[in-house]
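These values consider heavy atoms only, across backbone and side chains, with no hydrogens, waters or symmetry-generated copies. We count residues from 1, following the sequence as given. Quick caveat, the model's predicted, so the values are computed rather than measured.
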Amino acid sequence: GVRKSSGADAQIKPVQLGETALETAALEFVGMAMDLSSGFGNENLTFILSLYAKDVDYYGNDWSVRNIRADKVSFFDRWPQRNYALDLKRSRAICISKQRCVVTGLVSWSVSSPERNKKTSGEARFEYSLILTGGKFSITRESSRVVKRNN
């Protein structure tokens, strides 16, 4: 069965989460990816796509960068003005090895389409899995879901 941890067990603690240099770098990478997705139209699309691994678990689908590109183009056309802000206080990175990190948390977002006269904003809970190869992070998994809609 499951046993309650005793006081002695509580002394053996892992490194404080989110405080290693790698975890800080992983969090900053995701923040940068969100900054790149902010803006107008498809201006940063090529750079955004360069952040992904060859094969990605993208919102539950096993997709290539070509599939992701089509999805992003469709979304960016629908919402040509976008702003994403990583909520650092409610986000964290956990690196399970020197190569693999998971970043989870909250992003505040607002999107608008002047030509359709539509705008919406809110908060979403996200999860990214990253792999570090050759000193560079790549996204191997991405998912998010809206948890609050303002309008």
Side-chain angles (χ1 to χ4, degrees), residues 12-151:
I12 308 163
K13 284 202 274 202
V15 174
Q16 198 59 44
L17 298 177
E19 291 191 359
T20 70
L22 188 61
E23 286 166 346
T24 300
L27 204 51
E28 286 172 352
F29 174 85
V30 168
M32 178 200 62
M34 289 178 182
D35 287 347
L36 284 170
S37 294
S38 300
F40 300 94
N42 293 333
E43 59 187 2
N44 296 323
L45 186 62
T46 303
F47 197 11
I48 292 165
L49 294 172
S50 76
L51 305 179
Y52 289 89
K54 200 162 74 76
D55 294 297
V56 183
D57 176 345
Y58 188 77
Y59 293 85
N61 301 297
D62 183 18
W63 275 10
S64 69
V65 173
R66 198 172 52 172
N67 297 120
I68 294 169
R69 182 184 202 288
D71 183 66
K72 298 265 186 212
V73 166
S74 166
F75 185 80
F76 289 1
D77 286 350
R78 184 169 156 75
W79 298 108
Q81 296 180 5
R82 301 166 308 279
N83 186 47
Y84 299 96
L86 178 64
D87 186 335
L88 276 173
K89 287 190 179 73
R90 294 191 283 174
S91 301
R92 70 176 189 173
I94 300 170
C95 295
I96 48 179
S97 75
K98 285 185 167 64
Q99 276 83 36
R100 296 194 174 272
C101 300
V102 177
V103 182
T104 57
L106 215 67
V107 58
S108 298
W109 55 270
S110 61
V111 294
S112 64
S113 173
E115 63 184 31
R116 293 187 297 127
N117 197 25
K118 294 223 185 265
K119 62 178 165 185
T120 183
S121 63
E123 291 180 343
R125 189 154 290 294
F126 68 83
E127 182 172 318
Y128 285 87
S129 294
L130 309 177
I131 188 163
L132 185 67
T133 47
K136 177 182 172 291
F137 282 115
S138 296
I139 300 165
T140 57
R141 183 168 175 270
E142 177 182 341
S143 67
S144 70
R145 63 185 170 83
V146 172
V147 290
K148 180 178 154 198
R149 210 176 272 279
N150 299 326
N151 48 2

Apply side chain to side chain contact (heavy atoms under 4.5 Å, CB included) to the pair Tyr52 and Thr140, showing each step before the final yes or no. CA-CA 7 Å; Tyr52 289 89; Thr140 57; over 6 Å; no
Asp77 and Asn42, any side-chain heavy atoms less than 4.5 Å apart: yes
Value for CD (Gln81) from CZ (Phe40), rounded to nearest 0.5 Å, stands at 5.0 Å
Work out which heavy atom in Leu27 is nearest to a heavy atom in Leu86; give both atom names and the distance. O-CD2, 3.8 Å
Nearest 0.5 Å, please: how far is CZ in Phe137 from CG in Leu132? 5.0 Å
Counting distance only, does the side-chain N/O of Asn44 pair as donor-acceptor with the main-chain N or O of Phe47 below 3.5 Å? no
According to disulfide (SG to SG under 2.5 Å), does anything in residues 53-120 pair up with another residue at least two apart or in another chain? List the pairs. Cys95-Cys101
Distance under 6.0 Å and angle within 45° of the ring axis: does Arg141 meet both against Tyr128? no
Given side chains that start at C-beta, do those of Leu130 and Ile139 come closer than 4.5 Å, heavy atoms only? yes
Shortest non-hydrogen separation from Ser112 to Lys119 and the atoms involved: CB-CB, 3.5 Å
Rounded to the nearest 0.5 Å, what's the gap from OG1 on Thr104 to CZ on Phe126? Could you check? 6.5 Å
Inter-residue atom distance Leu22.CG - Ile94.CD1, 0.5 Å rounding: 12.5 Å
Per-pair distances, 0.1 Å, donor-acceptor, side chain in residues 31-38, under 3.5 Å, sequence neighbours excluded:
unit_1	atom_1	unit_2	atom_2	d
Ser37	OG	Ala33	O	3.2
Ser38	OG	Met34	O	3.1
Ser38	OG	Tyr84	N	2.8
Ser38	OG	Tyr84	O	3.4

If only atom types and distance count, is the side chain of Ser91 paired as donor or acceptor with the main-chain N or O of Leu106 below 3.5 Å? yes
Say you draw a straight line from NZ of Lys148 to OG of Ser121; how long is it, rounded to the nearest 0.5 Å? 8.5 Å
Before you tell me yes or no, could you show the steps for Leu45 and Phe76 under side chain to side chain contact (heavy atoms under 4.5 Å, CB included), namely the whole-Å CA-CA distance, both residues' side-chain angles and the distance that decides it to 0.1 Å? CA-CA 9 Å; Leu45 186 62; Phe76 289 1; 4.0 Å; yes
Less than 4.5 Å apart, any side-chain heavy atom of Arg82 and any of Trp109? no
Taking everything shown except Arg69 itself, do over 12 heavy atoms lie less than 6.0 Å from its CZ? no
For Asn117, does the CG atom have more than 12 heavy-atom neighbours from other residues, nucleotides or ligands under 6.0 Å away? no
Geometric cation-pi criterion, Arg116 with Trp79: 6.0 Å, 45°: yes
Please enumerate all residues that pass side-chain hydrogen bond (donor to acceptor under 3.5 Å, both in side chains) together with Arg90, with sequence neighbours excluded. Asp87, Glu123
Is the shortest heavy-atom distance from the side chain of Ser144 to the side chain of Tyr59 under 4.5 Å? yes
Side-chain contact, heavy-atom cut-off 4.5 Å: Val103 with Phe29? no
Does Thr24 reach the main-chain N or O of Thr20 with its side chain, forming a donor-acceptor pair under 3.5 Å? yes
Given side chain to side chain contact (heavy atoms under 4.5 Å, CB included), test Ile68 with Leu49 step by step and report yes or no. CA-CA 8 Å; Ile68 294 169; Leu49 294 172; 4.0 Å; yes
Determine whether Asn150 and Thr120 make a side-chain contact, defined as any pair of heavy atoms from C-beta on separated by less than 4.5 Å. no
Can you tell me how far the OG atom of Ser138 sits from the NZ atom of Lys54, to the nearest 0.5 Å? 12.5 Å
Whether Ser97 side chain and Gln99 backbone form a donor-acceptor pair below 3.5 Å: yes
